[in-house]
Amino acid sequence: MDKKIKKIGVLTSGGDSPGMNAAIRAVVRTCAYHGLQCQGIYRGFQGLLEGDFIELGPRSVNNIINKGGTMLKSARCKEFMEKEGREKAYQHLKDANIDALVVIGGDGSFKGATTLHKETNIPIIAIPGTIDNDIFGTTHTLGYDTALNTVVEVIDKIRDTASSHNRLFLVEVMGRDCGHIALNAGIGAGAEEILIPEENLGVERLLESLRRSKESGKSSSIVVISEGGKIGKTVFELKEYVEENLSEYDVRVSVLGHMQRGGAPSCFDRVLASRFGVKAVESLMEGKSNFMVGLRNDQIELVPLEKAIKGSTKVDMELLRVSDIMST
Ligand code: F6P
């Protein structure tokens, strides 16, 4: 391997996700394994333009593989969107003798990273970390699997109370403009209906389906709604609408919110984070830059960062059909 790079900086940016700590650990330990230095950068690009750095060795990342959140903290940084901000950031990188960067985050963070790379030529490899799973070029982003498990676990609990009171629960999940969490967790938790941004089911079809469900003898129901859903009503407006039109239903709303971002990462996310971290550092050592590491067909591959940013992910529409059949 070509070892021109001596010191790598690592940061986490954007919304945190379970597995980010495991990825930091993997980057730090891969650096140590290959005799490179590693510098942690606090609060994403905000810390980069303030020079808020910390030296990280293999023992600095003990006991974090199992922790949610990110030990390096995260932020969404407006100043970094300006050229002046990025110039400041680059100066701090030079002052600290950082030769290359690993950026762990979502597509917003990737845009900042690729712009910095273009302006300064600093080698950068990105690791996809977001619960939304909305990054092109990888079947899984870090934290997605954990978030799915969290949502399923919570809906299982909601089902207990829903069935005790013969109620309908509208459960709103995260995912921004993408229905991966709603669709997969919805099927996993046995939801009667799943509303995702990619397909507008329409309120009338929802009512129809709930009517059928009652007629078929179901006493309680769960509807999973993605926060980016296109039904044109908030989850609270939808509750009122259903109650007005289907008086037989006693409806409750549960917005799961940020609990979906926390908690110990699943084994899948820990392994993925470790593989991503190794690939990111070794790719930089091989002289690669401006790529994202991604998972495809169980292999870790490099995806051009531009593609990862511009491409869009697709939910598997067959899963909607599966969900329909399952709610018979
Ligand atoms: O991108 C991750 C995510 O949790 C989305 O699912 C959600 O829409 C958004 O971040 C919430 O952002 P914030 O934590 O800034 O409120």
Side-chain angles (χ1 to χ4, degrees), residues 11-23 42-47 67-81 103-113 126-155 170-186 188-189 194-198 224-231 233-236 253-266 269 272-273 276 292 294 305 308-315:
L11 62 84
T12 48
S13 166
D16 61 343
S17 67
M20 280 186 165
N21 273 327
Y42 282 117
R43 292 171 294 123
F45 294 123
Q46 189 64 45
K67 300 246 162 45
T70 158
M71 66 169 274
L72 289 176
K73 317 271 180 192
S74 193
R76 305 191 201 270
C77 176
K78 286 210 177 96
E79 206 185 331
F80 197 75
M81 291 175 189
V103 172
I104 308 168
D107 60 349
S109 311
F110 292 177
K111 280 177 199 152
I127 295 181
T130 163
I131 61 164
D132 300 338
N133 205 35
D134 58 350
I135 309 270
F136 177 82
T138 185
T139 55
H140 288 76
T141 55
L142 278 185
Y144 170 57
D145 181 68
T146 305
L148 286 182
N149 288 319
T150 301
V151 173
V152 165
E153 195 185 326
V154 172
I155 298 180
L170 305 180
V171 182
E172 186 187 279
V173 300
M174 279 186 167
R176 214 178 276 275
D177 302 316
C178 195
H180 284 295
I181 294 180
L183 193 49
N184 286 277
I194 303 170
L195 309 188
I196 57 170
E198 291 81 355
V224 173
I225 302 170
S226 179
E227 62 177 350
K230 301 275 187 296
I231 205 146
K233 292 186 191 301
T234 67
V235 71
F236 296 101
V253 168
S254 199
V255 177
L256 301 193
H258 285 79
M259 72 159 72
Q260 295 161 92
R261 289 238 297 258
S266 64
D269 276 326
L272 186 63
F276 276 167
M292 177 192 83
L305 202 44
I309 293 166
K310 290 197 183 124
S312 57
T313 52
K314 287 196 172 58
V315 293

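Count residues from 1 along the sequence. Just follow the structure's listing: the first ligand is 1, and inside any ligand the first atom is 1. Keep in mind that the numbers below use all heavy atoms, side chains included, and drop hydrogens, waters and symmetry copies.
For the pairing with Y144, the side chain to side chain donor-acceptor pair (under 3.5 Å) check across T130, N149, N184, D269 returns one residue only, N184.
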TODO: Start with the C-alpha distance between D134 and T313, add both sets of side-chain angles, then the distance that settles side-chain hydrogen bond (donor to acceptor under 3.5 Å, both in side chains), and finish with yes or no.
DONE: CA-CA 6 Å; D134 58 350; T313 52; over 6 Å; no

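Atom 15 (O) of ligand 1 has as its closest protein heavy atom R76 NH2, 3.0 Å. Protein heavy atom nearest atom 9 (C) of ligand 1, with residue, atom name and distance: R176 NH2, 3.6 Å. Annotation: atom 3 (C) of ligand 1 to nearest protein heavy atom, R261 NH1, 3.4 Å. Counting protein heavy atoms only, atom 6 (O) of ligand 1 is closest to D132 OD1, 2.7 Å.
Heavy atoms of H258 found under 4.0 angstrom from ligand 1 belong exclusively to the side chain.
For E79 (side chain) and Q46 (main-chain N/O), no donor-acceptor pair under 3.5 Å exists by modelled atom type. Formation of a donor-acceptor pair under 3.5 Å by the N21 side chain with backbone atoms of G68 is found in this model. Q260 contributes no side-chain N or O that, together with a main-chain N or O of A147, makes up a donor-acceptor pair within less than 3.5 Å.
Atoms of ligand 1 found under 4.0 Å from any heavy atom of M174 (numbered from 1 in listed order, with element): 4 (O), 6 (O). Contact atoms of ligand 1 toward E227: 5 (C), 6 (O), 7 (C), 8 (O) (distance under 4.0 Å to a heavy atom of the residue).
Inclusion of G175 in the set of residues having an N or O under 3.5 Å from an N or O of ligand 1 is warranted.
Counting heavy atoms of neighbouring residues, nucleotides and ligands inside a 6.0 Å radius, atom NZ of K314 does not exceed 12 of them.
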